[in-house]
Each structure stands twice: as C-alpha cells, then as structure tokens.
Protein chains: 2
Amino acid sequence: MTSTDAGAARTARPTRQRRAVAECLRRFDDFRSAQEIHDLLRQGGDNVGLSTVYRTLQAMADADEVDVLRAEDGEARYRRCSDTHHHHLVCRGCGHTVEVEGPAVERWATKVAEEHGFAEVSHTLEIFGHCPDCA
Amino acid sequence: MTSTDAGAARTARPTRQRRAVAECLRRFDDFRSAQEIHDLLRQGGDNVGLSTVYRTLQAMADADEVDVLRAEDGEARYRRCSDTHHHHLVCRGCGHTVEVEGPAVERWATKVAEEHGFAEVSHTLEIFGHCPDCA
DNA sequence: GCACCTTTTGACAACGGTTCTCATTCCGGC
DNA sequence: GCCGGAATGAGAACCGTTGTCAAAAGGTGC
Ligand SMILES: [Zn+2]
Ligand SMILES: [Zn+2]
Ligand SMILES: [Zn+2]
Ligand SMILES: [Zn+2]
C-alpha cells in the first residue's frame with residue numbers, strides 16, 4: 001500500500017486564513033462568537049470569509065484545540081484552551097474566564113453515572129458569576 | 001387602591017393550551033424540543049399554535065417549572081422537573097434522563113468561585129453517557 | 001346571560017446564527 | 001509550469017426562534 005492512507009497527516013493545510021483565526025483566538029482569554037472573530041479579523045485587515053471562520057472553528061473544536069460554549073440564546077462561542085481536561089469560571093459581565101480543575105468532581109460524575117449503569121460517560125460543567133471587576 | 005396591583009396573582013391564566021403543554025411534558029421523562037411537543041400535541045388532537053408552545057415553555061422555564069437543556073446544535077429542549085436544585089444524567093442514545101444531586105459538587109463550585117472573587121454564582125452541570133438499555 | 005376590558009392565541013412574516021453550494025483560487029508535489 | 005485535490009468565499013438556503021397584530025377567549029361586575 002502507498003503511504004497515503006497511513007493515517008498520519010489527516011489533511012489540514014496551514015493556510016493564511018487558518019493561521020489568522022488561530023492567531024485571533026490566541027489574543028483573547030474569553031469566549032467569542034464566530035461572527036465576532038470574523039469582525040475582528042476584518043478590522044485587523046485579515047479578510048477571511050465567514051464560512052471559512054465557521055469551518056475553521058469547527059475543525060479546531062473537533063481537534064480539541066478550542067472550547068465551545070453555548071450562550072443562553074444558543075449561539076456558539078469559542079475560546080483557546082489548554083490540552084488537559086478542565087472547566088470554566090465565566091464572568092457574566094465582562095466574559096473574563098478562568099480555567100478550573102476539580103478531581104473530586106470528576107470522580108463524582110463518574111461514580112454517579114456508574115451507579116446508574118451508564119457507560120461512555122462525559123460531562124459538561126461551567127460556573128458563572130460576576131468577577132471582582134464587575135461586582 | 002384596587003386589588004389589581006396587589007402583586008399576588010402574577011397573571012397566568014390556565015388556558016386549554018397551557019394545560020395541554022404542561023400535560024404533555026408530564027407524560028415524558030426526557031428532554032423534548034418545542035417543535036416535538038408541538039407535533040405531539042397535534043397528533044393527540046390538541047391543536048396549539050407553535051408560538052404558543054414556545055411562549056408557554058419560556059414562561060414555565062422562567063418559573064422554574066421545567067429544565068432547559070441546549071442540544072449540541074443549539075436547539076433548546078425542555079423537561080418537567082422537581083423543585084429542588086439538581087442536575088441530569090442523560091442517555092445519548094435514547095434520551096432517558098435521571099435527576100441527580102451532589103452536595104459536594106455544589107460546595108466545590110461555590111468554593112472555586114469564591115477563591116477567584118466571583119459573586120452571584122450559578123452553574124450548569126450535566127452528565128452524558130449510554131444507559132444500560134443502549135449500551 | 002351580557003357588556004367590557006385585558007390577556008392570550010395563532011397564522012404568518014421576519015430574524016439571526018449556521019450550513020450548504022459551487023465556481024474559483026490556492027497549495028504541494030512532480 | 002502543470003496537475004489534482006483541498007480550501008476559500010459570496011450568496012442562497014436552512015431552521016429554530018421571535019415578533020406582529022387582528023381575532024378569540026377569560027374573567028369580572030352587572
Ligand atoms: Zn467581569
Ligand atoms: Zn470535568
Ligand atoms: Zn438509552
Ligand atoms: Zn448544582
């Protein structure tokens with residue numbers, strides 16, 4: 001067999017547009033919508049099509065390179081993230097976000113699921129409030 | 001002054017439509033979308049406008065009479081719920097849902113938020129997996 | 001039962017975020 | 001430089017949700 005199906009490189013060209021989106025995410029520590037990112041890029045002179053922004057963000061989310069959070073109105077918001085499992089403490093006022101970890105919570109979630117016979121368990125957990133600056 | 005502004009009855013007439021929606025929710029233990037509920041009502045002979053279904057569900061959500069959960073695609077799904085604070089263990093296959101409580105998790109969330117100086121704290125937490133029937 | 005007034009309803013249009021389409025452009029390898 | 005597949009982007013389509021507003025329904029006092 002040729003080397004083409006050797007699974008390694010799962011097609012992902014480093015184009016100008018993808019670099020721009022990744023770069024833009026790197027500059028913020030809070031969650032942003034696809035359209036906000038599109039606007040920011042445009043303002044910064046980087047013209048990237050809205051479709052491409054959506055596609056890129058989806059791909060990054062699939063690759064666990066960004067976290068996705070649904071706003072109350074259902075809009076998806078993205079944020080660069082570390083590669084270890086974590087959750088978020090998000091300010092309802094300014095959006096300021098802190099990554100938090102809680103081993104005890106992880107164990108609790110797993111235990112509860114097992115007690116009910118659930119398998120392939122995952123979970124979502126976010127904490128909201130007003131940060132010191134917004135209080 | 002008349003009794004009209006005596007705050008007590010916060011205007012909520014028990015109409016046929018509202019009863020039908022509430023009754024429909026009572027018949028399921030899993031999360032349903034507004035449109036699913038609309039279809040179910042129609043199939044059951046209860047003709048209720050889609051707008052009314054949306055309005056009623058929103059009102060019930062505001063009154064904490066139903067839980068709202070955003071599906072991965074952003075669609076809102078509703079479920080009747082008990083009146084105490086709780087979270088959910090949801091089957092990704094059939095939607096079967098179990099309400100769960102975890103006092104330790106509640107304390108952890110509050111503590112983490114306080115450590116970062118956050119006030120007016122709330123949180124969301126859901127656990128997903130495959131139930132015994134779907135495994 | 002009957003006015004009277006307010007709330008509620010529902011068909012339909014409008015909205016907004018997201019996805020799809022497809023002709024064009026880009027990239028990497030030869 | 002050429003070729004072929006991947007990527008892009010302008011615009012249309014999609015779809016859940018919300019807004020509009022005239023008509024219908026509840027409640028109240030009579
Ligand atoms: Zn803040
Ligand atoms: Zn976790
Ligand atoms: Zn199941
Ligand atoms: Zn809780």
Open item on the list: In whole Å, I'd like the distance from the CZ atom of A:R42 to the C1' atom of D:dT8.
Closed with: 13 Å

TODO: Map A:V48 and B:A76 onto DNA chain D by nearest heavy atom, then report which one ends up closer to the 5' terminus.
DONE: A:V48

Task: Donor-acceptor pair between A:S82 and A:E99 side chains, under 3.5 angstrom - done: yes

- [ ] Kindly point out which of D:dG27, D:dA7, C:dT9 is positioned nearest to the side chain of B:T52?
- [x] C:dT9

Open item on the list: In this structure, how many angstroms lie between the C1' atom of C:dA13 and the CG atom of B:L50, rounded?
Closed with: 13 Å

TODO: Return the 5'-most residue of the pair B:R19, B:S51 with respect to DNA chain D, ranking by each residue's nearest nucleotide.
DONE: B:S51

- [ ] State whether A:F28 and A:R26 meet the cation-pi test: NZ (Lys) or CZ (Arg) under 6.0 Å from the six-membered ring centroid, and within 45° of the perpendicular axis.
- [x] no

Open item on the list: Students often get this wrong, so: under 4.0 angstrom with heavy atoms, is B:R55 touching a base, only sugar-phosphate, or nothing?
Closed with: base

Task: A:Y54, nearest nucleotide to its side chain (from C:dG17, D:dG16, C:dT9) - done: C:dG17

- [ ] Figure out the NE2/P separation between A:H38 and D:dG11, and round it to whole Å.
- [x] 12 Å

Task: Ring centroid separation A:H87 to A:H123 under 6.0 Å - done: yes

- [ ] Give B:Q58 one of three labels, base, sugar-phosphate or nothing, depending on what nucleic acid heavy atoms sit under 4.0 Å from its own.
- [x] sugar-phosphate

Task: Length of the line joining B:L41:CG and C:dG10:P, which is rounded to integer Å - done: 10 Å

- [ ] Determine the contact category for B:D73: base if any of its heavy atoms lies under 4.0 Å from a base atom, sugar-phosphate if only primed atoms, P, OP1 or OP2 are that close, otherwise nothing.
- [x] nothing

Open item on the list: Please report whether the ring centroid of B:H88 lies less than 6.0 Å from that of B:H96.
Closed with: no

Task: Side-chain H-bond candidate by donor/acceptor type, A:R92 with B:S122, under 3.5 Å - done: yes

Task: Sugar-phosphate only, base, or nothing, as touched by B:T15 at under 4.0 Å among non-hydrogen atoms - done: sugar-phosphate

Task: Length of the CD-P vector between B:Q17 and C:dT7, whole Å - done: 17 Å

TODO: Mind calculating the distance between CG (B:L57) and P (C:dT8) to the nearest angstrom?
DONE: 15 Å

- [ ] Could you check which of C:dG10, D:dT17, C:dT18 has an atom nearest any side-chain atom of B:R16?
- [x] C:dG10

TODO: Round to a whole Å and report the spacing from CD of A:E72 to P of C:dG17.
DONE: 16 Å

Task: Of the listed nucleotides D:dA6, C:dG10, D:dA25, the one nearest the side chain of A:R13 - done: D:dA6

Task: Length of the CD-C1' vector between A:E36 and C:dT18, whole Å - done: 15 Å

